[in-house]
Protein chains: 2
Amino acid sequence: MAKKRTTTLKELANELKLSISTVSRALNDHPDISPATKEIVKNLAKKKHYAPNLFARGFRSQETHILGVIVPNISHLFTSTILKGILEEAEFRGYRVIISESQNNESKQIEMLKTMTQFGVDGILMSLAKKTAALDAILQILNHKPMVLFDKVSDKIPCTQIVIDEEEAAYNAVEHLINLGKKRIAILKETENSFNSEKRYAGYLRALRNNEIAIDEKIILSTEDISLKNGSRLTRMLLSLKKRPDAIFAITDNAAIGAIKALHKFNVKIPQEIAVVGFSNSVNSTIIQPALTTVDQPGDRIGRTAVAYLIKEIENPDNDEAIKTVEIKTSLLVRDSSFTA
Amino acid sequence: MAKKRTTTLKELANELKLSISTVSRALNDHPDISPATKEIVKNLAKKKHYAPNLFARGFRSQETHILGVIVPNISHLFTSTILKGILEEAEFRGYRVIISESQNNESKQIEMLKTMTQFGVDGILMSLAKKTAALDAILQILNHKPMVLFDKVSDKIPCTQIVIDEEEAAYNAVEHLINLGKKRIAILKETENSFNSEKRYAGYLRALRNNEIAIDEKIILSTEDISLKNGSRLTRMLLSLKKRPDAIFAITDNAAIGAIKALHKFNVKIPQEIAVVGFSNSVNSTIIQPALTTVDQPGDRIGRTAVAYLIKEIENPDNDEAIKTVEIKTSLLVRDSSFTA
DNA sequence: AACGTTGTCGCAAACGTTTGCATAAGAATA
DNA sequence: TATTCTTATGCAAACGTTTGCGACAACGTT
């Protein structure tokens, strides 16, 4: 490849017999420069395909207009939907985005955080790896760089956090089951004290209490990895109880689908005998039979607002008070797994 | 936030009463520097958390160690799996990755290409937007920057391309149906002359010819947007034919799932009356009943090899001849939609 | 006629790093 | 002892851009 160097300010200046500074200012529409000069400079710039060396600019101004993003797992539909929102909003605002994947590995996560700040990103968007425990490194970086957390967050980190209304969403989902006449509602959740799982569990409890339904530990089931397989496994446990539940609220679509598969195997009628509600609105929720009632999480809106808050913080760094938790509204999509016409 | 400036070479030099150049060389293990000096420099550097300003370094050396990636749609499982591979391999090789989404918009794609080169990425990985027609801008950039295409490629662009063995995979899928005893095999494909669709169609034709099965235009169906809905629609068309097919090869899992849904609605037995094969190994392919036979595309391997070839080109730019098309092997996952024990 | 104002433009420094070249001291050789 | 060779270090330029300050006209105003 003929690595033809790109046009620089100096070349333009030489050709026009102007100073570099004048050319620079002309291109940046500085008021000191006469319209006539601007005109000819811009024309030549266009003709020679001038494009500022963003590296030099960033180097000089200490602003890179790059946002760093760290997520646990990029190939997860919800995550990539958030990323889509991030990319769109960032592009719209004139920022570029560097993405890294922590693979749910805490030390990798810290490593990436360091590389990114070292690299000079203007701010950081992060969704925490599971079992993130050592917060000191993160707090350390938070001193230097603006940071916004989304989805997997922690209230131990004092920065703006964008999440969905986990508790509220779970409350609505469970209350929907109650309104259907269900009285024994099981929940499939995570054992680890994951932020999301805890909030959803809280919503579940509040819905039961508010409707004066007794809480039964026997139908509150937890698992380390809230996957399809474990959803099936836990459901089989529920079916072996003397008093079976009449509804299952799974903290995750995958677990809910696992539940449905298990119910099929044991010829349990959905939703008549046992209704099922999931959480995520994954593509699969419409593929499974019966179609799954689930909570729709607007991933792109999470991404967009995260970027919006981060850029606000970048562009006026003084606003120290502005730390807050933003909750994005979700909605319950009622489908066949919890509804009969 | 207290924007405490980061440590620089100058600060280290001052504190040690050494020159900046000595400090720089010491940290880079330059042979001119005595082991003793290296020792003390490195110690202080570690103590003061020195990290080189990559912007300054990239600015100076014109090497950013950043790869630019452009994909049509990030929230597509296959794409994000490729991205996962790209991220992993890049990180392993000491490169960072900037990702942009063209949203299948050609002018946006060109815009991003320009921004990235302007930004100074060392090379570009790209999956083409649909209907990419104006190649001149891309060719122009190809003169300046190393570039590798993957998944959605075009043989009109003279650069290394990483794809799966589309034709071979389709051939195997169709031959699998033939071996099952199927004689009238329909295909659901795309109308647009998309690279992938054309190749798969070619594999379909070759399999039929090789097995001396007549080609019937009536069961070769095309659609602009090869989606679940259109898969259903086209399948209903097939069912209304006098001579129904006994198998359907869909160019996409989504279309195949649409086909299965339509077959269910008309109470057609799968695979006894009509077998179905898809392409992609999406998550959904295991959710649908019956589980879908499909082609497994190793996305992460595509990503990894794309990065490997790109970096090779970056690190020795002379190798002009090395332009080639690399085909990643796929495998057919036989499941219930085309098999009975 | 002297002054202030306004409109254009250039000079030069600065950002942090790398690197070719010069330099100094000491070691090895003649 | 004089010379050349190492070894270890410093000087200064360069990368492309932005920007504070100063220069210099050409005005209009007293």
Side-chain angles (χ1 to χ4, degrees), chain A residues 3-42 44-45 48-66 94 115 117-122 144, chain B residues 3-42 44-45 48-66 94 115 117-122 144:
Chain A
K3 276 224 182 174
K4 208 181 63 184
R5 291 276 309 102
T6 137
T7 333
T8 91
L9 279 186
K10 180 152 57 161
E11 288 172 38
L12 296 182
N14 284 342
E15 189 150 339
L16 292 173
K17 303 212 181 309
L18 285 172
S19 76
I20 296 181
S21 40
T22 303
V23 174
S24 168
R25 278 190 262 251
L27 293 174
N28 292 338
D29 260 329
H30 192 287
D32 270 9
I33 306 297
S34 75
T37 316
K38 281 181 186 172
E39 175 86 11
I40 54 171
V41 170
K42 285 182 181 174
L44 184 66
K48 303 204 81 174
H49 298 111
Y50 170 77
N53 180 325
L54 295 184
F55 249 83
R57 177 181 286 175
F59 166 52
R60 154 83 207 203
S61 63
Q62 303 290 14
E63 286 174 8
T64 59
H65 270 226
I66 301 182
T115 318
T117 52
Q118 173 187 182
F119 182 76
V121 296
D122 286 354
H144 302 308
Chain B
K3 277 223 180 175
K4 208 180 63 184
R5 291 276 310 100
T6 137
T7 331
T8 92
L9 279 186
K10 185 166 28 175
E11 289 173 37
L12 296 181
N14 284 342
E15 187 150 339
L16 291 173
K17 303 212 182 308
L18 284 173
S19 74
I20 295 181
S21 39
T22 303
V23 175
S24 167
R25 278 189 263 251
L27 292 174
N28 291 338
D29 260 329
H30 193 286
D32 271 7
I33 306 297
S34 75
T37 315
K38 281 182 189 173
E39 175 86 10
I40 52 171
V41 170
K42 285 182 180 173
L44 184 66
K48 304 205 80 176
H49 298 111
Y50 169 76
N53 180 325
L54 294 184
F55 248 83
R57 177 181 285 176
F59 166 52
R60 154 86 206 198
S61 64
Q62 302 291 11
E63 285 174 9
T64 60
H65 269 226
I66 302 182
T115 318
T117 51
Q118 173 186 182
F119 182 77
V121 296
D122 286 355
H144 302 308

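Each chain gets a letter, A, B and so on, in the order its sequence line appears, and its residues count up from 1.
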Base, sugar-phosphate or nothing for B:Arg57? Non-hydrogen atoms, less than 4.0 Å.
sugar-phosphate
Using the rule for Phe, Tyr, His and the six-membered ring of Trp, do A:Phe59 and C:dC15 stack at under 5.5 Å and under 30°?
yes
So what is the end-to-end bend of the helix from C:dA1-D:dT30 to C:dA30-D:dT1, with 5 pairs used at each end and the value given to 10 degrees?
60°
Using nucleotides 5-10 of chain D, report all nitrogen or oxygen pairs with the protein that are shorter than 3.5 Å.
from, atom 1, to, atom 2, distance (Å)
D:dT9, OP1, B:Thr37, OG1, 2.9
D:dT9, OP2, B:Ser34, N, 3.3
D:dT9, OP2, B:Ser34, OG, 3.2
D:dT9, OP2, B:Thr37, OG1, 2.8
D:dG10, OP1, B:Ser19, N, 3.4
D:dG10, OP2, B:Ser19, N, 2.9
D:dG10, OP2, B:Ser19, OG, 3.0
D:dG10, OP2, B:Thr22, OG1, 2.3
D:dG10, O6, B:Arg25, NH2, 2.6

Please tell me if A:Asn53 has a side-chain N or O lying less than 4.0 Å from either OP1 or OP2 of D:dC15.
no
Does C:dG16 have OP1 or OP2 under 4.0 Å away from a side-chain N or O of B:Tyr50?
no
Just do the side-chain contact (heavy atoms from CB on, under 4.5 Å) check on B:Glu39 and B:Leu44 with the steps written out, would you?
CA-CA 9 Å; B:Glu39 175 86 10; B:Leu44 184 66; over 6 Å; no
Please give, in whole Å, the distance from [N] [atom2] to [X] [atom1]?
{"X": "B:Leu9", "N": "D:dA14", "atom1": "CG", "atom2": "C1'", "value": "16 Å"}
{"X": "A:Gln62", "N": "C:dT17", "atom1": "CD", "atom2": "C1'", "value": "12 Å"}
{"X": "B:Lys10", "N": "D:dC11", "atom1": "NZ", "atom2": "C1'", "value": "15 Å"}
{"X": "B:Leu12", "N": "C:dG16", "atom1": "CG", "atom2": "C1'", "value": "12 Å"}
{"X": "B:Asn14", "N": "C:dG16", "atom1": "CG", "atom2": "P", "value": "12 Å"}

Quick one: side chain to side chain donor-acceptor pair (under 3.5 Å) partners of A:Thr37, sequence neighbours excluded?
A:Ser34
Run the side chain to side chain donor-acceptor pair (under 3.5 Å) test against B:Thr117 and tell me which residues pass, sequence neighbours left out.
none
Can you list the residues that meet the salt bridge (Lys or Arg N to Asp or Glu O under 4.0 Å) rule with B:Glu15, with sequence neighbours excluded?
B:Lys48
Any residue meeting salt bridge (Lys or Arg N to Asp or Glu O under 4.0 Å) with B:Lys10, in chain and number order, not counting sequence neighbours
none
Salt bridge or not between B:Asp32 and B:Arg25? Use side-chain N to carboxylate O under 4.0 Å.
no
Ring centres under 6.0 angstrom apart (A:Phe59, B:Phe59):
yes
Identify which nucleotide among D:dG16, C:dT18, D:dT18 has an atom closest to any side-chain atom of B:Ser24, counting heavy atoms from C-beta outward.
C:dT18
Is there a side-chain contact (heavy atoms from CB on, under 4.5 Å) between A:Leu27 and A:Tyr50? Walk through the geometry before answering.
CA-CA 10 Å; A:Leu27 293 174; A:Tyr50 170 77; 3.6 Å; yes
Can you tell me if B:Ser21 and B:Ser24 form a side-chain donor-acceptor pair at under 3.5 Å?
no
Quick check: on DNA chain D, is the nucleotide nearest A:Arg60 upstream (toward 5') of the one nearest B:Ser61, or the reverse? Name the residue that is more 5'.
B:Ser61
